[in-house]
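Chain letters run A, B, ... following the sequence lines, proteins first and then strands; every chain starts at 1. Predicted, not measured: the structure shown is a model, and the values here were computed from it.
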Amino acid sequence: MSKIKFLKPGEDTYTEDRSDVDQISGTSFVYNPHRSLGLEKQRQRLPVFSARSHILHLVETKQTTIIVGETGSGKSTQIPQYLYETGWCADGMVCVCEPRRVACTTLAARVAEEASVMLGKEVGYAVRFDDRTTPGLTQIKFVTEGLLVREMMADPLLRQYCAIMVDEAHERTLYTDTLLGLLKKVLRRRKDLRLLVCSATIDALHLFNFFNSNRTSDPSKDTAAIISIEGRNYPVEMFYLEEPAADYIKSSAETVLKIHKGEGPGDILVFLTGAEEVEACVSLIKEHAASLSRDQGSLLVVGMHGSLTSSEQLRAFQSPPTGVRKVVVATNIAETSVTIPGIVYVVDSGFVKIRWYSAESHNETLMVVPTSQASAIQRSGRAGRVRAGKIFRLYPEEQYDKLSEVTPPEMVRTSLSSAVLCLMALGIENMLRFDFPSPPPARHLTAALDELFSLGALTEEGHLSHPLGERMAEFPLSPHLAKMLLVSGEFGCSEEVVSIVAMLQVQNVFTRPRGQDGQARRAHRKFEVKEGDLLTLLNVYSAYIKHGTSRRWCSQYFLGHRSLARAAEIRTRMEKLLTKFEIPMRSSKDGMDAVCRCITAGLFPNAAYLHPEGHYTTVRGRHTLHIHPSSVLYTQQQPQWVLYHEVLHTSRVLMRDLTVIDPGWLLELAPHFYEKSTLLQIR
DNA sequence: GAGCACTGC
């Protein structure tokens, strides 16, 4: 592997590899001094250009090429063009898969510009709800990983593509692993197909071994190869604490102040684990900053996390007034999803919040864990984008060596019911024998199979049921919600259920602007119904439509207009799928009973009853739960029986999105799951 | 009276 060449500040400048530039960062821009050079000259200045013939040679001779490309190498925009220029597109398109939508749209726009074609013609992209390609004309197509997996349902061998490049594969999302596993099978059937996998140094060898089918000791028979391309990140100097930080929030704030007082100009980025921590740290820094003397310069402190609205997030991208140093306190959102310009110093708490699945309780927990080395490297890289930077890790250096190399892929730590359903729809019969890049625990797989069986998606023999299971797989939803939609015709309430399901897909429906908490609560109360949160969401949606999707009406009732508009979009898609399956769109005339019964038909595994001691207990597994304070039922008299959509682990286990049910419905609608005796015992 | 890392189909 080639050594990374570091550039001295001012020695050279570069065009940005835009693969991880968020749309929001479009408000800022990268100054490009080579603009006047013309696009072709700019392209030749990218580090990847020197590897052009080497890459093309490998693609020619090996079926799989693993590309280790540092940030700023230009791989995502250039390699597809190299393939195109050398005639690879004669027999099919070049496909580039990205984990995120923005990467698809921005990269496609950049490549179209470089190739002097209109976006959507020779160069295009396809993401959910937005297809900008022209069949028969498009040669280079950027897609999200998830969409390519969906495409495989219609075309399992991906015959329209001659080469597939999986970008950012080191992120190892559920879809990355699904795709890599499936592509390995496709490669065996299609010797003409070429696969390029872009990854980080740390897991390149793992991926090489996964794809190399050479079982001899003769390396010339290898079917895969690795190539490294240097990047254009500046050096980052590292600092560690001598002792582990007792309180990393406090320690982060102190470090920020120390940097501000002792280091040269440049903005600071702090990594913490959650929104609450971010807010706490922001106030701490603000407190300290207030006591700074005049000649010490001032600080602009902003928080950055997923639950902020996009206009609130925008504050982190704005450049501070001259002489003011910006401090962005962020969650993991700043590690990959958004790139904040101007960062020179990074403070890394060393922790991250990740999802963890428990097959015993059938649910996912969010837990705070130490980061991996890969993640620590990624975070420190955020300091070296504009010039030489510094990283302050809030733990001792010995501790870094003890960190695991990489974060376990999502596939081994999340619920697999959706992924398994998807794979089965793609013809993978024996899930336990599927070649996953990192095999998930067998008990996670069997739990997923059990869940799918109980929902009726699988037959006794373990095959996908016809037509229910096949249809469920086509919905981009959790299997429970897909089932709910597919049976809604029989309950005569598809109109209502499709609205509920769409509403469950969006966040921030109920807004609570600071200082208007009381007003917001009063406004929200108008939608509340005793049947629970799902029916309340239905009320909100119906009212939104009744008032002509008015933005003014939304703000009057403290509802997120963007979220509702997105729900409407999702609803349209779901309705189209239901129509395709000839599910009649009916509206329930005899009240909400039918709707609640239909909800039960999908969510029945998530039933809980009121324990005499005041908490709730799940029927499956007898786990203790509580009503989430955001639920409309939180302030009501506690119902005897509820179904939840999700659980959330904090200090307690909380149920969200509840529906009040009659336990008799469980016996009636899921007799295979609930025996009369178990329910009688409980009562 | 308590609190939700982040994507994506």
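Nearest nucleotide to the A:L654 side chain, out of B:dC9, B:dG3, B:dA5: B:dG3. Proximity note for A:A275 (side chain, C-beta onward) versus B:dC9, B:dA5, B:dT7: the nearest is B:dA5. When distances run from any side-chain atom of A:P476 to the nucleotides B:dA5, B:dA2, B:dC9, the shortest one goes to B:dC9. Picking from B:dT7, B:dA2, B:dC6 the nucleotide with the shortest atom distance to the side chain of A:H305 gives B:dC6.
For the side-chain contact (heavy atoms from CB on, under 4.5 Å) criterion with A:L625, the lone passing option out of A:N606, A:L648, A:V647 is A:V647. In summary, of the residues considered (A:E168, A:E171, A:E145), a salt bridge (Lys or Arg N to Asp or Glu O under 4.0 Å) with A:R100 occurs for A:E171 alone.
Counting any heavy atom pair closer than 4.0 Å across all strands shown, A:R379 reaches no nucleic acid atom. Residue contacts shown for A:R656 include a base, since a base heavy atom lies under 4.0 Å away. Residue-level contact check: A:T173 touches neither bases nor backbone, having no heavy atom under 4.0 Å from any strand. Within 4.0 Å of A:I333, counting heavy atoms only, lie sugar-phosphate atoms of the nucleic acid but no base atom. Residue contacts for A:H626: at a heavy-atom cut-off of 4.0 Å it reaches no nucleic acid atom on any strand shown. Here A:F129 lies out of heavy-atom contact (under 4.0 Å) with every strand. The residue A:L174 sits apart from the nucleic acid: no heavy atom pair falls under 4.0 Å. In this structure, A:V127 reaches the sugar-phosphate backbone alone: every heavy-atom distance under 4.0 Å involves primed, P, OP1 or OP2 atoms, never a base.
With rounding to whole Å, A:L633 atom CG is found 18 Å from B:dG1 atom P. Between the CZ atom of A:F510 and the P atom of B:dA2 there is a distance of 21 Å, rounded to whole Å. Remark: C1' of B:dG3 and CD of A:E276 are 6 Å apart, rounded to the nearest angstrom. Put simply, CG on A:L416 is 21 Å from P on B:dG8, counting in whole angstrom units. If you measure from atom CG of A:D167 to atom P of B:dG8, you get 14 Å, rounded to the nearest angstrom. Whole-Å rounding puts the A:R652 CZ to B:dA2 C1' distance at 8 Å. Rounded to a whole Å, the NZ atom of A:K353 is 10 Å from the P atom of B:dG3. Atom pair A:R101:CZ and B:dC6:P shows a separation of 18 Å (rounding to whole Å applied).
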**Prompt:** Can you check salt bridge (Lys or Arg N to Asp or Glu O under 4.0 Å) on A:E277 and A:K353, steps first, answer last?
**Reply:** CA-CA 11 Å; A:E277 288 182 9; A:K353 202 177 274 182; 6.0 Å; no

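Take the nearest nucleotide of DNA chain B for A:L477 and for A:T331: the residue whose nucleotide is more 5' is A:T331.
Summarising the local packing, NZ of A:K184 is surrounded by more than 12 heavy atoms from other residues, nucleotides or ligands at distances under 6.0 Å.
A sub-4.0 Å separation between OP1 or OP2 of B:dA5 and a side-chain N or O of A:T273 is absent.
Ring centers of A:Y248 and A:F351: under 6.0 Å apart, within the cut-off. In this structure, A:H444 has its ring center under 6.0 Å from that of A:Y357.
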